[in-house]
Amino acid sequence: MSTAKHHVLTLLSGMVKAPPQKALSLLTSSPHHTHQSISIIIHNLFSLNMLSQAESFILRLLSGKLPSPFFTIASLVPYLTANSNSPRVYEAIISAHIKAQQPVELALPLLDEMIDRGFAPSPILFNSVLKCFVKECNYEKTWLVFEKYKGRVGLDVYTFGILVKGCCESDDLERGFEILGEMCDLGFSPNVVVYTTLIHGCCKKGEVEKAKRLFFEMEAIGLVANQYTYTVLINGVFKRGLKKDGFELFERMKSEGALPDLHTYNSVLNAYCSDGEMRKAFLLFDEMRHRGVSCNVVTYNILIEGLCKQGNMGEAKRLFGEMTSCGLRSSVITYNLLMDGYCRAGMLEKALYLHKELKSSGLSPTMITYNVLIAGCARSEDSSRVLSFVGEMEERGISPSKVTYTILIDFFARSNNMEKALELLDYMKRTSLVADVYTYSVLIKGWCHEGNMREASKLLQTMLEMEVEPNDVIYNTMIHGYCLQDSSYKALKLLKEMCEKGMVPNVASYHMTMQVLKGDGKQDSAQNLLAGMLKSGLKPSFFDLKHQTSKMESDHF
């Protein structure tokens, strides 16, 4: 050993009897670092029961915060673990390794060595290792590590909570339920967190009935649902359209003493607003504030969207101002909702003003922003602004989406420029965007508007070949087009096809087809069609009923 290194070791050996920070200070500032000098400091920190300082020191080494670049886990471990009869050294190294965000798999040999020396890793340490694999989304490795070590390390209820979380995040509910069963088999009682995690996983996959069964099973074994349990279940049932169940759960939550939090209120507010129940939404909004639950931008966005859908732009703008006065900064979503509301209400200039305000506030327009504005300008038949916003999108490096193309195709189709609409469809395909039912719908509507049923029919056939299922809008549009050409046979064929697919033709489709059949002298077919209309629950027009009455009278006499 060199004289300089021997001198450092001698100094350190003497200094560890003084306050350890002096020894640490010397080590940090000294250019003569060795594995021996480092191990002396760390071992003495352990002997003084200064575990957190020891771990912190190892963390500095792993993070490269000490001057020497030559220390690694592999090179340092033999010095730290030699003649050590305590698992604390291993635990400190593994914990520091995890906190340094080193690949957790590199710490597994240390775990093996620790076990081989007869030291049982604590549940806390093992849970830290599992958490890292879950955080890295390395779910398969999580299960393999658990299976490998479960008989040799300490486990607790949190171990199984981590595993269940990993199952739910990887959409492997079946394995999640297996973990729950294994947990019980090993004598561990699931807690509220484990059940809530599984309930959340079920709701995420749309398996709400399973989630509800878990909720009641949890209560049956004496566990009390907390606000998070209620919130994930309420949100889950609302997303499946089970509004009644969601509202009942919300009232039950409050009666059981689990106080709703911001996320709970936002979920229920969203359900009211999507149903157009704005009075109830604002009563809940008042309750929320009365209870001291701070609103966030999401809260205001939900209410603003509800008001915009009803065309109540004055109240929506008032809430926008209130939000700002409360110290909340409007998001791009807020601006998009208001701009869309103004566009749909025919107030394009106000939408354009908000677009300027958005950019001046430091926010960047998104794809949705441009889709909203392009659609608004298209409704106003403002072609120059439509093209201007398309150009602005390109300047900002935002590629048009399927929605953008559909809006533009619809604009040109309604402008009787089917050639340009079809060009856009071809360009859309070249950019690997697949036309959907809405894209085909606007094109078929364009051909029908021009009276070109041959091209409309070809597009319908293309849809079927591409396995894009036509919706009721397309069928009703085609029926309307055939009726305008007095083609009762083709209109009637599509009506029957709609019914066979479980769709309900609208009143206009029935009425126009009956008129064409009547004009063709096919009175019986018209009467049968009227009977079908009544059976489907649609209300016939006065003229349809008059036709049926006249037919019955003529048959009678």
Side-chain angles (χ1 to χ4, degrees), residues 98 104 122-147 149-150 153-240 242 245-246 249-250 252-253 256-268 270 298:
I98 290 168
V104 68
S122 68
I124 293 173
L125 182 68
F126 188 56
N127 291 346
S128 298
V129 172
L130 290 178
K131 274 183 189 175
C132 285
F133 284 117
V134 171
K135 191 176 180 181
E136 291 172 1
C137 300
N138 195 345
Y139 303 114
E140 204 54 46
K141 188 69 179 179
T142 308
W143 323 135
L144 291 173
V145 168
F146 173 71
E147 290 298 327
Y149 292 102
K150 69 179 179 183
V153 300
L155 304 176
D156 59 17
V157 68
Y158 301 105
T159 313
F160 294 96
I162 293 163
L163 292 168
V164 168
K165 182 181 179 183
C167 293
C168 293
E169 287 184 358
S170 61
D171 290 331
D172 193 349
L173 273 181
E174 187 177 345
R175 182 176 268 167
F177 280 98
E178 286 174 7
I179 295 289
L180 181 65
E182 186 171 353
M183 180 181 186
C184 297
D185 292 342
L186 291 172
F188 293 97
S189 298
N191 59 14
V192 175
V193 174
V194 172
Y195 269 103
T196 302
T197 305
L198 265 178
I199 288 169
H200 190 202
C202 290
C203 290
K204 196 170 74 168
K205 286 200 77 174
E207 298 188 25
V208 175
E209 290 307 314
K210 272 188 182 178
K212 286 159 73 176
R213 282 198 297 272
L214 278 171
F215 180 81
F216 293 118
E217 179 185 310
M218 183 181 82
E219 289 193 331
I221 63 172
L223 294 174
V224 179
N226 58 28
Q227 62 180 198
Y228 186 65
T229 316
Y230 274 107
T231 300
V232 295
L233 187 55
I234 287 169
N235 196 43
V237 296
F238 278 145
K239 282 185 176 177
R240 295 298 292 174
L242 304 173
D245 288 356
L249 273 169
F250 180 61
R252 177 178 175 167
M253 175 184 187
E256 294 288 334
L259 296 176
D261 62 8
L262 172 65
H263 302 293
T264 324
Y265 277 112
N266 282 348
S267 184
V268 181
N270 189 58
V298 175

Backbone of C203 reached by a side-chain donor or acceptor of K239 within 3.5 Å: no

E207 side chain to C202 backbone, donor-acceptor under 3.5 Å: no

Do [Y] and [X] meet the salt-bridge criterion of a basic N to acidic O distance under 4.0 Å?
{"X": "R175", "Y": "E178", "answer": "no"}
{"X": "D245", "Y": "K212", "answer": "yes"}
{"X": "K205", "Y": "D171", "answer": "no"}

Kindly give the heavy-atom pair with the smallest separation between [X] and [Y], and that separation in Å.
{"X": "P260", "Y": "Q227", "answer": "C-NE2, 4.4 Å"}
{"X": "T196", "Y": "Y228", "answer": "CG2-CD2, 3.2 Å"}
{"X": "V134", "Y": "Y139", "answer": "O-CE2, 3.9 Å"}
{"X": "C167", "Y": "I179", "answer": "SG-CG1, 4.1 Å"}
{"X": "A258", "Y": "N226", "answer": "CB-C, 4.3 Å"}
{"X": "L130", "Y": "T142", "answer": "CD2-O, 3.8 Å"}

Got a second to check how far [X]'s [atom1] is from [Y]'s [atom2], nearest 0.5 Å?
{"X": "L214", "Y": "T197", "atom1": "CG", "atom2": "OG1", "result": "11.0 Å"}
{"X": "Y195", "Y": "L180", "atom1": "OH", "atom2": "CG", "result": "5.5 Å"}
{"X": "T264", "Y": "D261", "atom1": "OG1", "atom2": "CG", "result": "3.5 Å"}
{"X": "L198", "Y": "R213", "atom1": "CG", "atom2": "CZ", "result": "12.5 Å"}
{"X": "W143", "Y": "N138", "atom1": "CH2", "atom2": "CG", "result": "10.0 Å"}
{"X": "N266", "Y": "T231", "atom1": "CG", "atom2": "OG1", "result": "10.0 Å"}

M218/T229 under side chain to side chain contact (heavy atoms under 4.5 Å, CB included): CA gap, chis, key distance, verdict: CA-CA 10 Å; M218 183 181 82; T229 316; 3.8 Å; yes

Please indicate whether [X] has more than 12 foreign heavy atoms, meaning atoms of other residues, nucleotides or ligands, lying under 6.0 Å from its [atom1].
{"X": "K135", "atom1": "NZ", "answer": "no"}
{"X": "F188", "atom1": "CZ", "answer": "yes"}
{"X": "E174", "atom1": "CD", "answer": "no"}

For V164, the option from V194, V193, L173 that meets side chain to side chain contact (heavy atoms under 4.5 Å, CB included): V194

Step-by-step side chain to side chain contact (heavy atoms under 4.5 Å, CB included) determination, F146 to I162: CA-CA 11 Å; F146 173 71; I162 293 163; over 6 Å; no

Stepwise salt bridge (Lys or Arg N to Asp or Glu O under 4.0 Å) test for E182 and K150: CA-CA 11 Å; E182 186 171 353; K150 69 179 179 183; 2.7 Å; yes

Step-by-step side chain to side chain contact (heavy atoms under 4.5 Å, CB included) determination, M183 to V157: CA-CA 8 Å; M183 180 181 186; V157 68; 3.0 Å; yes

Test side-chain hydrogen bond (donor to acceptor under 3.5 Å, both in side chains) applied to N270 and S267, step by step: CA-CA 5 Å; N270 189 58; S267 184; over 6 Å; no

Audit row: L186, F160, side chain to side chain contact (heavy atoms under 4.5 Å, CB included) steps and yes/no: CA-CA 11 Å; L186 291 172; F160 294 96; 3.7 Å; yes

